[in-house]
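In what follows, chains are A, B, ... by sequence order, proteins preceding strands, each numbered from 1.
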2 protein chains.
Amino acid sequence: MSVKIAENSGFCFGVKRAIKIALEAAQGNHEIVTLGPIIHNPQMVEKLTSEGIERVNEFSEIQGRPTIIRSHGVKKEILEELIANNIEIINATCPYVSKTQEYAKELSEQGYLVVIMGDKNHPEVIALSSYIEGECLIVTGAEDIPKKKYQKVGIISQTTRKIDDLQKLVSTFIPKCHEMRVMNTICNATSIRQESTLELAKKSDLMIVVGGRNSSNTKMLAKISEDFVETFHIETACEIDKKWFKDKENIGLTAGASTPDWVIMEVYNKIIECMGNINQKVEKIKDIPGFKEEE
Amino acid sequence: MSVKIAENSGFCFGVKRAIKIALEAAQGNHEIVTLGPIIHNPQMVEKLTSEGIERVNEFSEIQGRPTIIRSHGVKKEILEELIANNIEIINATCPYVSKTQEYAKELSEQGYLVVIMGDKNHPEVIALSSYIEGECLIVTGAEDIPKKKYQKVGIISQTTRKIDDLQKLVSTFIPKCHEMRVMNTICNATSIRQESTLELAKKSDLMIVVGGRNSSNTKMLAKISEDFVETFHIETACEIDKKWFKDKENIGLTAGASTPDWVIMEVYNKIIECMGNINQKVEKIKDIPGFKEEE
């Protein structure tokens, strides 16, 4: 009977960076806001609120206060409006997301029909599409490609998608276009995390995926895991049901890029409790067997 | 019992054009040569010799005579040498091949590692690679990609390859590079011809593929057909063995882009003869049931 944590799980570089930027900005300023949740984890957002970082949802709620740009980025027009209103911008956009925005702009300027592989309702994709002049096509995968021919297609991806979905998309476009330029904008940490989850899922009887319900990368981990084994996507330990572990031997645990250590730890301890191995409880994430901190 | 010819077979635009250029040039000039075979069909090359167009294999054999550049193109250095020696150039390079050479040059100048999908010993690929400054990678397909990571990969294809091989190549490169630019240089007529062959092969008990043994596109048609049904790749009717047709009902016939009509016709008539349907013999290719002339 074992509980193993995926070798790569929890906070990624972009999330760590965004939180660091937010906390540093909050230290010298008690009138600070984020426009939308800074990361897709309600527990972390709540913690930041307790540190004096208010989350607002609309531009009108900013009321002149210094504004943190969420890790997923915001629409170009919002940045322009903040500048026009002389509002201090604290940019916590993940640098990989910013780079994808630059590619979107560049491909669009070079006359490519820009294709974004991603979720059209996700803030990262909404922001990304604002950098494209003229037409753009947002697809979740190869199955969404319209039945027509194209001249120049420029492909980018939401940073948290699966590499094999990008491979299928690109392959399907080949007979449908004359020229294709692809920027592989899937974040490397995302790919590594997905591989770790896949490996662990193959060896487990049950997988617990921890992370925000709106978190694209967490949902993707759950999707990858589901293909191999029974999987539960939860936000916190209190959602765990003891019944899940009946007759299970090997439990796998993984967490999205925006899931804080303490949330993973609580889940780990709760699983241990459910399985009757009370003395294995841990108080720090680095003590958890199999956990490797990501740089 | 039937003999069907693939809907699209025989001379393509580039081959027709090359022969027209050669014959027109020969009319006003009896001292004309081609450097290498103008197309990959020995029967047609022989016919051109009888029209006074001598085929030479080495630069030294040109001896100042006006020189036809073969449909597959020649190395940049050879063109430069012809110019330096004040030799009249009659360029019969297929325009689609010339375009591929331009892409090779452009991608190379833009800092891409240029990847050519093709046969490294084929004259088209030898010529193509001469337009690339610095390193280039010639692969027959996805299985030849080295196990390493790349920054910028620019992919082009020999014009006569299979589109699904290009799809596999591109898909395999995605996780191995940051940026990819693909020019789909597979000639449209090639793709259409391959589709026609595939369709016919599926409905036939036996396939005869007619064309030069060195002809890349003909070899590709044979390869496609072989996956479905017994297939013979022949150059001329005299290679046909009556035994092949024993107990066969539906014979399919297809021909490469450099196979002249009269060669296809002779093969068709020989098959009819072998099958005992002597009265179906034809004297012109357009009379052959199922044959559609390509524009």
> To the nearest 0.5 Å, tell me how far Lys152(B) NZ sits from Met183(A) CE.
8.0 Å
> Does Lys176(B) NZ have over 12 foreign heavy atoms under 6.0 Å away?
yes
> Please find the pair of heavy atoms, one from Pro175(B) and one from Asn184(A), that lie closest to each other, and give the distance.
CA-ND2, 4.4 Å
> Report which part of Tyr103(B) has an atom under 4.5 Å of a heavy atom belonging to chain A: side chain, backbone, both, or neither.
side chain
> Around Glu143(B), counting heavy atoms of other residues, nucleotides and ligands shown, do more than 12 lie under 6.0 Å from its CD?
yes
> Working to the nearest 0.5 angstrom, can you tell me the gap between Thr185(B) OG1 and His178(A) NE2?
8.0 Å
> Out of Cys177(B), Gly154(B), Ser191(B), Ser171(B), return the one with the most heavy atom pairs under 4.5 angstrom to chain A.
Ser171(B)
